[in-house]
Novice: 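Here it is: the structure, laid out below.
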Amino acid sequence: MTLLQILLIIFGSMLLLYMLRKPISEFVKFIFDNFFAVIFDKLGGWIENFLKYIKNQWDLVASKLSFSRLIASVLLSFLLILLCTVNYYLIYYGMEILLPSEEGTGALGFTPAGLASLVMMLTELLVGFVVLETIGFTDLFDLDKFPKIKMLRIIMISVLAILILAEVALAVYRTSQTALIEKADTGFEKFMSSLSYWIVGAIAFVVPVLIAILGFVLRDLFLFIAIVLLSITYVLFFLLNLIFTVLKNIITHIDDILNAILHILTKPVELIVNFILFILVKLKIVKPIIILIISLPFLFSTISFGKDQKPQPKLIVVLLDNSGSFKNFRDKAIDHCLKFIDAMHGGDKFALFLIESESLKRNESPINFTVPPPKGTIPTIIERKQMDSTKKANKEKISKLKKRELSGYTDIWGALMRASHFINSNLYTKYQKFLLIYSDMQDTKQRGPKLSINFENVCVKIFYADINEQTVKAIEFWKNKLSEYKAISVQVFTPDDSETMTDFTIKCEEQK
Amino acid sequence: MKCPACGYEPVKLGEKCPNCGTFIQNPYNITFHELVNNSKMDAWREAIAFILFAITVIIYIVFYT
């Protein structure tokens, strides 16, 4: 692809974009405003309301949480953890009798006895917290304001009492088992074994009761955890809302962005167009010029409809001298002849006959071909390729004549008779006819016009006719003879004329 | 020509109407800047762009296809 071709494509695209910039902009605006913006609203419209909800919840939680209480709760929670650990071992101490305590038989790294102890300890803590809520000591869920809360309070106190009593009973029972006391291997077991029944029972009662009371620190810890979670959620959704707002702004203002891009892309074209329009306005010919240019294709089409749309095809018949006397010019003549082939159009016919000792003998057919005609007025790329390949194949055939053996005699009469018959065939009545003779025109066969020769409506051109004192008469003789045979024109080109020729578009110039 | 405001005839382009005093704009007496910013000329601009586009396409078809 050449630079000019690329520039033409860019210029054409910019012009197309300039013409279509308004419909493109309106179409994109319509699509984005009525389709994408609506979908986007449906997808992300809830984020803002959700943020408001989170903010309200945060405010509510924050109103219940005071910093001093939180610090106190954190400090007390250390005591609570200590008591929970003690309580766990107390329950485990008794639970060992009921459940197996071997490693690998429970879950989550706990033995069955350990797991039951953990659950029981946590239940005591949570039940204690719920009891505190029901009596209004803590106000995290404001359970005391619920109707029929007394029943829940009694149930929770009963559950707590049962758990504590079970823990006391298990601890005291374990202490009574002398066989187990003797097997005690941990420090805690040995310590518990050394205590009397009522002390063990008192510890097993006091510790869970203390845990249940200390459950009130959960209120502030829960509030703190809630406020942390709400803050994280708020920040995440705030960022999401920010991205959503930016994208929504882009979508709803896409036409502005597009207009700006189109404006930048089409600015050079706009300047050219404005400049042309300005000149036309200043010359006061804007309307007539535009109307004239727009009507030009119609004018051309009207004119062309009046005529035959396709030009008349050409029949080019070449007589090439292959005798020894033309030896010096034969190869040049072949190259010269090939240039006419390059200039041929679709539908044109070409035939090459050799001038040899027996030119009239038809045992060897001429090199002939027709350039494939295009279906339309302007050939397509494929048609052009077909035309080029036909020309190329036949040019190669003709080039091979350079290696052909030269003949001893020059039978010009025979060649003219053969060419005359060929040209006047009924197959070529609609063709514009040309006879190109590449010869020194020195007839050594002296056959004479045995058959009728007619070159009516034929333009004759003789190339590489080397005019000198010996040949001038013969060339003049043939020129007159061809005119007698009704040729439209007979032009003679010397080797110098032939070599310096540049325009190979074949035309007929009538005889003056 | 007629005055577009009062219909008085004849009035000259680029002068005031002798009847009502309305200034009659001469459409040909326009600066390049006024022409660029005149949206009434859009149709003409598009016509010129279309002609240039058609010429470009014809040149491309004739020389490169």
Side-chain angles (χ1 to χ4, degrees), chain A residues 1-23 262-263 266-298 300 374 376-385, chain B:
Chain A
M1 200 177 270
T2 61
L3 182 67
L4 194 65
Q5 200 175 356
I6 294 165
L7 286 174
L8 267 176
I9 291 169
I10 292 170
F11 186 61
S13 310
M14 283 164 83
L15 282 165
L16 194 65
L17 209 59
Y18 179 75
M19 283 189 293
L20 299 175
R21 69 195 191 287
K22 282 181 187 169
L262 286 175
H263 185 71
T266 58
K267 195 68 188 171
V269 167
E270 196 179 2
L271 274 173
I272 294 167
V273 167
N274 278 324
F275 183 68
I276 293 170
L277 187 63
F278 186 66
I279 289 168
L280 294 176
V281 167
K282 283 293 172 192
L283 293 172
K284 301 182 183 180
I285 52 168
V286 58
K287 285 183 186 175
I289 284 287
I290 298 277
I291 292 164
L292 181 71
I293 293 173
I294 289 174
S295 59
L296 271 179
F298 299 103
F300 277 124
T377 314
I378 300 167
T380 62
I381 295 171
I382 297 166
E383 285 171 341
R384 280 192 179 211
K385 279 183 182 172
Chain B
M1 68 171 282
K2 277 186 181 180
C3 169
C6 64
Y8 179 81
E9 197 173 5
V11 287
K12 287 181 180 176
L13 289 172
E15 289 181 11
K16 283 183 179 178
C17 170
N19 186 35
C20 64
T22 308
F23 183 74
I24 315 297
Q25 178 82 40
N26 183 350
Y28 297 112
N29 191 15
I30 189 169
T31 66
F32 187 72
H33 185 257
E34 283 168 345
L35 181 131
V36 169
N37 292 308
N38 190 348
S39 60
K40 288 179 184 173
M41 297 290 229
D42 276 358
W44 291 116
R45 268 190 276 272
E46 274 162 24
I48 289 169
F50 175 75
I51 291 160
L52 288 177
F53 177 71
I55 292 167
T56 313
V57 170
I58 290 165
I59 290 170
Y60 188 87
I61 289 170
V62 169
F63 290 102
Y64 297 108
T65 59

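Chain naming here is simple, since letters A, B, ... match the order of the sequence lines and numbering starts at 1 in each. The figures that follow rest on heavy atoms only: side chains count, while hydrogens, waters and symmetry mates do not.
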Novice: Please find the pair of heavy atoms, one from A:Met19 and one from B:Phe50, that lie closest to each other, and give the distance.
Specialist: SD-CA, 3.3 Å
Novice: Are B:Ile48 and A:Leu280 close enough that some pair of their side-chain heavy atoms sits under 4.5 Å apart?
Specialist: yes
Novice: Quick check: do B:Leu52 and A:Val269 have side-chain heavy atoms less than 4.5 Å from each other?
Specialist: no
Novice: Quick one: which of A:Leu4, A:Leu271, A:Leu8 has the most heavy-atom pairs under 4.5 Å with chain B, could you say?
Specialist: A:Leu8
Novice: Chain B heavy atoms under 4.5 Å from A:Val273: which part of the residue, side chain, backbone, both or neither?
Specialist: both
Novice: Which heavy-atom pair separates A:Tyr18 from B:Ala49 by the least distance, and what is that distance?
Specialist: CD2-CB, 3.5 Å
Novice: Does B:Glu46 have any side-chain hydrogen bond (donor to acceptor under 3.5 Å, both in side chains) partners at least two apart in sequence or in another chain, and if so, which?
Specialist: none
Novice: According to salt bridge (Lys or Arg N to Asp or Glu O under 4.0 Å), who are the partners of A:Lys282, at least two apart in sequence or on a separate chain?
Specialist: none
Novice: If you look at every heavy atom in B:Phe32 and A:Phe278, which pair is closest and at what distance?
Specialist: N-CE1, 3.3 Å
Novice: Counting only heavy atoms not in A:Ile382, do more than 12 sit closer than 6.0 Å to its CD1 atom?
Specialist: no
Novice: Is the shortest side-chain heavy-atom distance between A:Lys22 and B:Asp42 below 4.5 Å?
Specialist: yes
Novice: Kindly indicate, with the supporting measurements, whether the criterion side-chain contact (heavy atoms from CB on, under 4.5 Å) is fulfilled by A:Thr2 and B:Tyr64.
Specialist: CA-CA 10 Å; A:Thr2 61; B:Tyr64 297 108; 3.8 Å; yes
